[in-house]
Every structure is written in C-alpha cells, then in structure tokens.
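Worksheet: the structure to be examined is printed underneath.
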Amino acid sequence: MTEVTFYHLTETTVDEALPGLVEKALARGWRVTVQADGDTARDDIDALLWSHDQTAFLPHGRDGDEPAADHPIYVTTTPANPNASQMRFVINRCSQPDDMQAYARVAMMFDGGNGDTVHHARENWKQLNSEGHDLTYWKQNAEGRWERAA
C-alpha cells in the first residue's frame, strides 16, 4: 500500500513548508506532482516554486505545459498523474489521486487554522485508513518543525 503522510500546518503556511518538502522528494530521486485546490492556488504554487529561494532551483511545469512527462515537478488541479511521479502533494481540500497505488508516497498538507480543511483531512484519514494505507500524521511544533503525532 502507498505510504500516506498528513502534514498539519499550524505554524507556517503551505508556501513556507512546501518547497523544502519538494526538495527532499527530489533528493530521493522521485518525480513530484503538486495538486492545488483551484487555478489561483496552482498559479501561486507555480510562482512560489520559481521564486522561493535565490539559491535553489525547482524545475517544474504546470497544467498546459506539455509534454508533462518532461517535468520532474508538475503542478496541477487534477487528480491525474501527468508526469508519472512517485510523490504527490495534495494541498488542503483537493480530491485524492486517481490511483493511490501509483505513488510511493502521498502527502496530504492542510491548513490547521481552517476548520473545513481540517474536517476534510480527518475524512481523508478515515477513508485511507479503511483502505489499508500506511498512514502517518505530522504536526508542527511551536518552532515550525515537524513532529510525528501518529
């Protein structure tokens, strides 16, 4: 079964946490898909990955950049896996990927300050747990570092 990690953001935003996690996935040799919950969020993530750090480069494409297979990171609003990635980041209230088994890991990142988003994450946890996936839950401590909570 696919390893699914839940990242509960309480001290930082997705914009602050996502680039570092994407860099770690690339360092493992994984291709990455980032699924945003709408066109505006996708465009914001696209801009973030180009500009988050002057010394780092996160090469990526986004919906409409073809062929998708040419991009080690692909930002989308769909549940598809357009670049055959092994790692997928699902941001806030996105639907789950079409085929969870296609990934080594799926990271569900959600804003802990938004009640609807937290509720959606809890529902995803219940469903994925019932399907037998290996789930872990990470929450930020007061310094913004990740601590495994379940």
Side-chain angles (χ1 to χ4, degrees), residues 1-50 52-53 56 58-63 68 71-150:
M1 286 303 217
T2 299
E3 178 184 356
V4 182
T5 55
F6 282 74
Y7 288 100
H8 188 163
L9 296 157
T10 57
E11 303 299 319
T12 62
T13 65
V14 168
D15 288 357
E16 294 166 318
L18 181 64
L21 294 172
V22 169
E23 286 173 345
K24 287 180 181 181
L26 289 177
R28 292 185 117 180
W30 287 345
R31 297 174 68 79
V32 174
T33 297
V34 179
Q35 183 179 349
D37 58 354
D39 292 345
T40 300
R42 180 204 52 219
D43 296 347
D44 291 347
I45 291 169
D46 175 42
L48 169 70
L49 294 179
W50 288 123
H52 85 283
D53 183 345
L58 293 174
H60 68 280
R62 52 171 275 169
D63 289 334
H71 302 285
I73 304 166
Y74 200 80
V75 184
T76 185
T77 60
T78 74
N81 186 1
N83 66 336
S85 62
Q86 296 86 13
M87 174 78 194
R88 183 178 198 94
F89 290 91
V90 179
I91 309 299
N92 289 323
R93 297 188 61 191
C94 293
S95 58
Q96 295 175 18
D98 288 340
D99 180 11
M100 292 288 285
Q101 299 306 324
Y103 303 94
R105 181 177 295 159
V106 173
M108 313 289 277
M109 297 183 74
F110 61 100
D111 177 359
N114 182 311
D116 289 338
T117 301
V118 171
H119 176 75
H120 184 75
R122 286 182 180 140
E123 293 301 312
N124 278 335
W125 178 279
K126 289 176 193 173
Q127 179 184 347
L128 293 168
N129 190 44
S130 73
E131 293 172 1
H133 295 282
D134 180 18
L135 305 179
T136 56
Y137 172 78
W138 297 82
K139 188 173 182 178
Q140 291 179 312
N141 64 21
E143 292 81 39
R145 293 199 172 116
W146 296 108
E147 293 181 347
R148 186 172 177 170

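What's counted below: heavy atoms across the whole structure, side chains too, no hydrogens, waters or symmetry copies. Along the sequence shown, the residues carry numbers beginning at 1.
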Tabulate below the donor-acceptor pairs under 3.5 Å that side-chain atoms of residues 86-93 make, not counting sequence neighbours, or state none.
| unit_1 | atom_1 | unit_2 | atom_2 | d |
| --- | --- | --- | --- | --- |
| Gln86 | OE1 | Arg31 | N | 2.6 |
| Arg88 | NE | Gln35 | OE1 | 3.0 |
| Arg88 | NH1 | Ala80 | O | 2.8 |
| Arg88 | NH1 | Tyr103 | OH | 2.7 |
| Arg88 | NH2 | Gln35 | OE1 | 3.0 |
| Arg88 | NH2 | Thr78 | O | 2.7 |
| Arg88 | NH2 | Ala80 | O | 3.2 |
| Asn92 | OD1 | Asp111 | N | 3.0 |

Do any side-chain atoms of residues 16-30 form donor-acceptor pairs under 3.5 angstrom with protein atoms, and if so which ones, sequence neighbours left out?
| unit_1 | atom_1 | unit_2 | atom_2 | d |
| --- | --- | --- | --- | --- |
| Glu16 | OE1 | Thr13 | N | 2.8 |
| Glu16 | OE1 | Thr13 | OG1 | 3.4 |
| Glu23 | OE2 | His52 | NE2 | 3.2 |

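Under the 3.5 Å distance criterion, with hydrogens and angles disregarded, no donor-acceptor pair is assigned to the side chains of Thr136 and Glu3. Donor-acceptor pairing under 3.5 Å is lacking for the side chains of Asn141 and Glu11. No side-chain donor-acceptor contact under 3.5 Å links Gln127 and Glu123.
Ion pairing between a basic and an acidic side chain is recognised when a charged N comes within 4.0 Å of a carboxylate O; Asp43 and Arg62 show such pairing.
Rounding to the nearest 0.5 Å places OG1 of Thr77 at 10.5 Å from CD1 of Ile45. Between the CE atom in Met108 and the SG atom in Cys94 there is a gap of 8.5 Å [rounded to 0.5 Å]. Atom CG of Asn129 is separated from atom CG of Leu135 by 5.0 Å, given to the nearest 0.5 angstrom. Atom CD of Gln96 and atom OG1 of Thr2 lie 10.5 Å apart (nearest 0.5 Å).
Heavy-atom minimum distance, Phe6 versus Val4: CE1-CG1, 3.7 Å. Nearest heavy-atom pair, Ala68 versus Pro82, reported as atom, atom and distance to 0.1 Å: CB-O, 3.3 Å.
Using a distance-only test at 3.5 Å, with no hydrogens or angles considered, a donor-acceptor pair links the side chain of Gln140 to the main chain of Thr10. Here the side chain of His8 pairs no donor or acceptor atom with the backbone of Val118 at under 3.5 angstrom. Within the 3.5 Å criterion, the main-chain N or O of Phe110 finds no donor-acceptor partner in the side chain of Thr117.
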task: Give the intermediate values and the outcome of side chain to side chain contact (heavy atoms under 4.5 Å, CB included) for residues Thr33 and Asn83.
output: CA-CA 7 Å; Thr33 297; Asn83 66 336; 2.8 Å; yes

field: Gln101/His133 under side chain to side chain contact (heavy atoms under 4.5 Å, CB included): CA gap, chis, key distance, verdict
entry: CA-CA 10 Å; Gln101 299 306 324; His133 295 282; 3.5 Å; yes

task: Apply side chain to side chain contact (heavy atoms under 4.5 Å, CB included) to Ile73 and Leu49, showing your working.
output: CA-CA 10 Å; Ile73 304 166; Leu49 294 179; 4.0 Å; yes

message: The test is side chain to side chain contact (heavy atoms under 4.5 Å, CB included); show your working for Thr76 and Arg42 and say whether it passes.
response: CA-CA 6 Å; Thr76 185; Arg42 180 204 52 219; 5.8 Å; no

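Scanning for ring pair (Phe, Tyr, Trp, His ring centres under 6.0 Å) contacts around Trp146 gives Tyr7, with sequence neighbours left out.
Under the 6.0 Å cut-off for aromatic ring centres, His60 and Tyr74 do not qualify, their centroids lying 6.0 Å or more apart.
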